[in-house]
There are 2 protein chains.
Amino acid sequence: MLSLRQLQVFLAVIETGSTIRAAEAVSLSQSAASNALSELESRLGERLFDRVGKRLVLNASGRALQPRARALLVQARDAEALFRDGGNQLKVGASTTIGNYLLPRLLGEARGELPCERVEIANTDDIAERMLRFELDLGLIEGRALHPDLVMTPWRQDEMVIVAAPSFKGQSLAHLPWIMREPGSGTRSVVEQELFGTLEGVQPILELGSSEAIHNAVRAGLGVSCLSRHVVQQSLQSGELQVLAPEHSIRRQLYLLRHRQRPDTAAVARFLACCPPES
Amino acid sequence: MLSLRQLQVFLAVIETGSTIRAAEAVSLSQSAASNALSELESRLGERLFDRVGKRLVLNASGRALQPRARALLVQARDAEALFRDGGNQLKVGASTTIGNYLLPRLLGEARGELPCERVEIANTDDIAERMLRFELDLGLIEGRALHPDLVMTPWRQDEMVIVAAPSFKGQSLAHLPWIMREPGSGTRSVVEQELFGTLEGVQPILELGSSEAIHNAVRAGLGVSCLSRHVVQQSLQSGELQVLAPEHSIRRQLYLLRHRQRPDTAAVARFLACCPPES
DNA sequence: TATTATTTACCTGTTTTTTCGATATGGAGG
DNA sequence: CCTCCATATCGAAAAAACAGGTAAATAATA
């Protein structure tokens, strides 16, 4: 049976490129690291690195083993963390709307029941990448992540509504002064897709890089926009903003993002018990 | 860092109920097994068994660890098998239609390219259960498996057609002498659901326990039935059977079944490269 | 109730494995 | 050709794992 330590050395060699630095990284002597690596190779009956000159170059077999080794070590760590104090920590990656608006409210409602967590806000692709590197325990995304090692499961829905200051009244949508997110934003692409028939050819009068900036621009009467209800909820309640054309509201699905090869951490399970999928 | 051997002992103790038999199972001395277990517990800072009398009774912490330990060990074995000769072996569980008709043809077409495989035919529930115990590497099922640790992905489609001997001509479907699978069969439930409107109240004149039996009964002119096109393909080509009411054909989805916590084996990957999802 | 059998946990000496420091080997660069 | 640097190897030392024996605790039995 191969040992976890051998895999640890194997991965360290990949990352550092040499047995010397790998040994340092896992606090071993160089000879021990070299030994662990050769033992792993002989157990598998296959060289994992090509020895070209004095360099170790990962070969096809090594590349095949790498993701499995990583997954094994992460799962071992997770198993230990199950019971240690660190088992309470949870690193969530959330895309902007979720991280800025939805999640704070959920965490507030379940204060105390939720593990001590850390939320990192980034776009969907970044979150997917960090999930792949096991740097995050759970992703909450608005877009899609297509990597075969990532599993998307429907979580909640987000309603995007067209909002404007109260002065705007029942004009045709296409003639309004639109404010939008920058091209490339997931939010913008959803809006363009869903409202395509209505907004064809419309040029936004303003493009802003964040929902909150747009929110403020709309409150200032600069124009109209289509924003998540969660962003503008307060302004709607206070009457500072109104919903235009409610029939054009967009429902979009929000997803949980998990790594296929990593069972839920204890903390992830607790989080999901508090904020289960609703739809 | 906990060791795989400790987990091995832990699982053996669960299965055998005592350190003595566990030691035997993993070829260790009793003292070594007892030691490994206590070391694991002290590393985790948590007792995994309650010592009640001279018995070891798995407690809540132990139950939490168990599935992770199992997954870790299986993955370690898979990683080793990646390169060993055994890495070619593949245990597929297939439900009846797939295992009896579809798979043999696929394997025949890809002869030599596919790893040396072993196909076990069972019903969907059995396959799901064996997947959960890591006794199968891959499932190919016609029905649904709902366990949270099992992942279904669409694979291919199966077309079910209404077939009869050539003597049957354009009568109303409800008035034909129907032959069906026994109640409880997945195939039968699909047929009943899809043809419900047409077949309401119809009593089959015969119920048989296998598709092949029905096939032969239909060929013998005993009646009509709704069978996978794969089952009757040959008889259709030879003109021995005809398709009645093609507009009532049923398409049903076939699924790959995998364990969420187990990355694809090398052999599974090769199998899927040969027989990829088509729809 | 006393006795026997069984099982866990611990102790001790021994064996095996792992690790270390030093050294041999071998390509890369001046 | 010689020096630099990294890997691989070797013997010694350290650490870990091991087997066998044994005490304590409990269940079963007389």
Side-chain angles (χ1 to χ4, degrees), chain A residues 1-63 65-66 69 72-73 76 80, chain B residues 1-63 65-66 69 72-73 76 80:
Chain A
M1 171 80 59
L2 51 76
S3 82
L4 291 177
R5 161 144 290 178
Q6 286 163 0
L7 297 179
Q8 225 172 352
V9 172
F10 167 63
L11 290 178
V13 171
I14 294 180
E15 279 160 25
T16 64
S18 90
T19 57
I20 288 190
R21 286 186 292 275
E24 200 174 339
V26 298
S27 42
L28 280 182
S29 72
Q30 180 268 333
S31 66
S34 175
N35 215 10
L37 186 56
S38 354
E39 178 129 347
L40 179 60
E41 288 179 324
S42 80
R43 249 181 237 272
L44 297 177
E46 195 95 4
R47 310 230 79 162
L48 300 169
F49 294 88
D50 288 331
R51 272 69 171 177
V52 38
K54 58 184 182 182
R55 282 241 128 68
L56 296 175
V57 194
L58 195 62
N59 64 21
S61 302
R63 266 190 299 278
L65 183 61
Q66 182 179 13
L72 272 167
L73 283 173
E80 283 186 286
Chain B
M1 169 82 56
L2 52 76
S3 82
L4 291 179
R5 160 142 292 178
Q6 287 163 359
L7 296 180
Q8 227 171 351
V9 171
F10 168 62
L11 290 179
V13 170
I14 294 179
E15 279 161 26
T16 64
S18 89
T19 57
I20 288 191
R21 286 184 293 274
E24 201 174 338
V26 298
S27 40
L28 281 182
S29 69
Q30 179 269 331
S31 67
S34 175
N35 226 358
L37 186 56
S38 353
E39 178 128 347
L40 178 61
E41 288 180 323
S42 81
R43 249 180 236 270
L44 296 177
E46 196 94 5
R47 309 230 80 163
L48 300 170
F49 294 88
D50 288 331
R51 271 67 171 179
V52 37
K54 59 183 183 183
R55 283 239 128 66
L56 295 175
V57 200
L58 195 63
N59 63 21
S61 303
R63 266 189 299 277
L65 183 63
Q66 183 179 12
L72 271 166
L73 284 173
E80 283 185 289

Query raised in the report: With distance as the sole criterion, do the side chain of B:Gln30 and the base of D:dA19 form a donor-acceptor contact below 3.5 Å?
Result: no
Query raised in the report: With a 3.5 Å cut-off and just heavy-atom distances, do the side chain of A:Ser31 and the base of C:dG21 make a donor-acceptor pair?
Result: yes
Report task. May I have the distance from A:Leu40 (atom CG) to C:dT17 (atom C1'), rounded to whole angstrom? Result -> 16 Å
Query - A:Glu24 atom CD: more than 12 heavy-atom contacts under 6.0 Å - result: no
Query raised in the report: With a non-hydrogen cut-off below 4.0 angstrom, is A:Asn35 in contact with a base, only sugar-phosphate, or nothing?
Result: base
Query - Interatomic distance where CZ belongs to A:Arg47 and C1' belongs to D:dA8 [whole Å] - result: 10 Å
Query raised in the report: Can you find a pair of side-chain heavy atoms, one from B:Phe49 and one from B:Val57, that are under 4.5 Å apart?
Result: no
Query raised in the report: Among D:dC18, C:dT19, D:dT9, which nucleotide sits nearest the side chain of B:Ala32?
Result: D:dC18
Query - B:Arg5 side chain, from C-beta outward: closest of C:dC20, D:dA17, D:dC18 - result: D:dC18
Query raised in the report: Looking at A:Glu39, A:Glu41, A:Glu46, which hits side-chain hydrogen bond (donor to acceptor under 3.5 Å, both in side chains) with A:Arg43?
Result: A:Glu39
Report summary line: For A:Gln30 and A:Ile20 the tightest heavy-atom approach is CG-CG1, 3.6 Å
**Report entry** Between CD on residue B:Gln66 and CG on residue B:Leu58, distance to nearest 0.5 Å
**Finding:** 6.0 Å
Report summary line: A:Leu56 CG to D:dA6 P, in whole Å, measures 12 Å
Query raised in the report: Can you check the A:Leu28 CG to C:dT17 P distance for me, whole Å?
Result: 18 Å
Report task. Ignoring backbone atoms, test whether B:Ser34 places a side-chain nitrogen or oxygen under 4.0 Å from the OP1 or OP2 oxygen of C:dA9. Result -> yes
May I have the list of side-chain donor-acceptor pairs in residues 2-13 of chain B shorter than 3.5 Å, sequence neighbours left out?
from, atom 1, to, atom 2, distance (Å)
B:Ser3, OG, B:Arg5, N, 3.4
B:Ser3, OG, B:Gln6, N, 3.1
B:Gln6, OE1, B:Ser3, N, 3.2

Report summary line: Note: contacts of residues 14-26 of chain B with DNA chain C (heavy atom, under 4.0 Å) are B:Ser18, B:Thr19, B:Ile20, B:Arg21
Requested in this report: Of all the heavy-atom pairs spanning B:Arg21 and B:Ser18, show the shortest one and how long it is.
Outcome: N-OG, 3.1 Å
Requested in this report: In whole angstrom, give the distance that lies between atom CD of B:Glu39 and atom P of D:dC18.
Outcome: 11 Å
Query raised in the report: With sugar-phosphate meaning primed atoms plus P, OP1 and OP2, does A:Gln6 contact a base, only sugar-phosphate, or nothing at under 4.0 Å between heavy atoms?
Result: nothing
Report task. Grab the CG-P distance between A:Leu37 and C:dT18 for me, whole Å please. Result -> 14 Å
